J.: 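One structure is given below, represented as structure tokens, and several questions about it will come after.
Only a predicted model underlies this, so the values are computations on that prediction, with no experimental measurement involved. Heads up: numbering here begins at 1 and tracks the sequence. Whatever order the structure lists them in is the order used to number ligands and atoms, beginning at 1.
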Amino acid sequence: MVQPIKKIALLTGGGDCPGLNAVIRAITRAAILNYGIEVIGYRFGYKGLYHNNFMPLTMETVTGILHRGGTILYSSNKDNLFDYLVDDGHGGKVKKDVSDVAVENLKKDGVDVLVILGGDGTLTSARDFSRKGVNVIGVPKTMDNDLASTDVTYGFISAMSVGTEFIDRLQTTAKSHHRVICCELMGRDAGWITLYAGLAGNAGVCLIPEIPFTIENIAKAIKKRDEMGLPYTVVAVAEGAKYADGTKVIGKIVEDSPDPVRYSGLAAKVADDLEKVIPNHEVRSVNPGHIIRGGDITAYDRILSIRYGVAAVELINEGKFGNVVTINGDKMGYTSLEEVIGAAKIGQQKHVDPNGELVKAAKAIGISFGDE
Ligand code: F6P
């Protein structure tokens, strides 16, 4: 150990993601069992750090959470302590940099290392705390699987497995009524969840952000399926997919969130537009929304989360602060927070390659992307 680390603190920021609890458990157990480190967790992300609201993380408090979605530490996607809404003293609110309060709290609590589980927004603050001299380790979190520096993030396999089950269930009812059913899946601007769930669930059409589509092309694919004796189609629709003319559907703007746009409603629009051009089919839509984010996590994600958590503790042991845990191929590794955030800021997320092997395989077995 480079310097004696006696106490670490964890926090989870941004939207929750399947696997967070499993990572919290792995870090806690590995830190206690291997290095005798005391572990605490701040509640509600950075807000808990600001208000000094924390709980002890012990072998006992982290038991029974390996398989559970969500986060026992709770989360918030709004509290950037470098630009935080506080009372202005005159009954109003004003934005202020309160990060020094957080640094003081860490000192007061005797915390040697802050382990931050989060996506782009949360890790941007992690980088900024690192720049202020705090020992920080980041553990990337996104079920969208769009982080460029790592091959796969925990939560992705769980989310796409639930998405697959949705499509499976829609297949039998679509077939019984010769209907077309559009199923919307989360994933923001990356098509990973929809492509994987669409392939695994045998969707006839997959609409993903990386491949703009037209209603005419989808109708053509449905007609082709009809002629081949498949007079029903499940259309897997990524929430962030776009029409060839650039049209996207935004469901909500969440002020104060690092990425305020929330997609929602594309499957309903595609269903409406499709019904006008394929009068021989009834077209319906469903939007499971956050359901793919909740519930128990897959065995694969439990193991991946354990690996991310143990690797984080090893980085602490080696004193490699200012880094984010990664997995490349089958090897755990790390990349600097500066690099990860720099890439995210210039939009270098990991996207589906429209000409890649996976899309080609899907097309080879007759799945349409609405692009031809
Ligand atoms: O990034 C995870 C994610 O679930 C996206 O797939 C989705 O677009 C977004 O978060 C939804 O955010 P919120 O929970 O704030 O509605």
Side-chain angles (χ1 to χ4, degrees), residues 12-21 23 44-47 69-71 73-80 116-125 138-150 152-164 166-167 183-198 206-210 236-242 248-269 286-295 297-298 301 305 324 340-341 343-345 347-352:
T12 52
D16 71 292
C17 165
L20 281 174
N21 277 330
V23 178
F44 292 106
Y46 290 113
K47 193 197 282 184
T71 160
L73 292 178
Y74 313 116
S75 198
S76 161
N77 62 0
K78 293 187 182 169
D79 301 296
N80 176 0
I116 299 173
L117 284 56
D120 293 352
T122 307
L123 292 180
T124 301
S125 291
V139 187
K141 167 235 65 163
T142 166
M143 69 174 201
D144 304 338
N145 201 32
D146 58 354
L147 202 77
S149 53
T150 193
V152 60
T153 37
Y154 51 90
F156 165 60
I157 300 291
S158 296
M160 78 88 180
S161 300
V162 181
T164 301
F166 272 107
I167 296 173
C183 177
E184 183 163 320
L185 296 173
M186 282 186 166
R188 222 184 266 279
D189 292 304
W192 296 108
I193 292 177
T194 300
L195 177 57
Y196 272 65
C206 266
L207 306 178
I208 61 173
E210 294 84 352
V237 182
E239 59 174 3
K242 54 175 180 282
K248 293 184 138 204
V249 178
I250 291 171
K252 196 177 169 67
I253 297 292
V254 182
E255 303 294 349
D256 261 13
S257 171
D259 191 351
V261 172
R262 295 293 181 277
Y263 296 121
S264 181
L266 181 62
K269 175 170 170 49
V286 289
N287 186 355
H290 293 79
I291 295 175
I292 66 165
R293 226 160 89 172
I297 71 172
T298 60
D301 269 339
S305 303
V324 171
V340 170
I341 299 309
K345 287 277 176 284
Q348 280 181 357
Q349 273 99 359
K350 184 174 65 197
H351 286 285
V352 173

J.: Answer with side chain, backbone, both or neither: which part of Lys252 has a heavy atom less than 4.0 angstrom from an atom of ligand 1?
T.: neither
J.: Report the residue from Val340, Val139, Ile116, Ile341 that forms a side-chain contact (heavy atoms from CB on, under 4.5 Å) with Val324.
T.: Val340
J.: For atom 6 (O) of ligand 1, grab the closest protein heavy atom and report residue, atom and distance to one decimal in Å.
T.: Asp144 OD1, 2.8 Å
J.: In the protein, which heavy atom is nearest to atom 16 (O) of ligand 1, and how far is it?
T.: His290 NE2, 3.1 Å
J.: Just need the protein heavy atom nearest to atom 8 (O) of ligand 1, so name the residue and atom and give the distance.
T.: Glu239 OE2, 2.4 Å
J.: If every non-hydrogen atom of Val249 is compared with every non-hydrogen atom of Ser264, which pair is closest and at what distance?
T.: CG1-O, 3.2 Å
J.: Please state which protein non-hydrogen atom is closest to atom 15 (O) of ligand 1 and give its distance, to 0.1 Å?
T.: Arg262 NE, 2.6 Å
J.: Using a 4.0 Å cut-off to any heavy atom of Asn77, which atoms of ligand 1 qualify?
T.: 15 (O)
J.: If the threshold is 4.0 Å, N to carboxylate O, is there a salt bridge linking Arg188 and Asp146?
T.: no
J.: Write out the residue and atom name of the closest protein heavy atom to atom 9 (C) of ligand 1, then the distance separating them to 0.1 Å.
T.: Arg188 NH2, 3.7 Å
J.: Taking atom NZ of Lys248 as the centre, report whether more than 12 heavy atoms of other residues, nucleotides or ligands fall under 6.0 Å from it.
T.: yes
J.: Give the atoms of ligand 1, by number and element, whose distance to some non-hydrogen atom of Met143 is under 4.0 Å.
T.: 4 (O), 6 (O)
J.: I want to know if ligand 1 touches Gly187 in the polar sense, i.e. an N/O pair below 3.5 angstrom.
T.: yes
J.: For a 4.5 angstrom cut-off between non-hydrogen side-chain atoms, does Thr122 reach Tyr46?
T.: yes
J.: Which distance, rounded to the nearest 0.5 Å, do you find between the CG of Leu266 and the CG of Leu207?
T.: 7.0 Å
J.: After noting the C-alpha distance and the side-chain angles of Thr153 and Asn145, does the key distance pass the side chain to side chain donor-acceptor pair (under 3.5 Å) rule?
T.: CA-CA 6 Å; Thr153 37; Asn145 201 32; 3.3 Å; yes
J.: So which protein heavy atom does atom 3 (C) of ligand 1 come closest to, and at what separation?
T.: Arg293 NH1, 3.6 Å
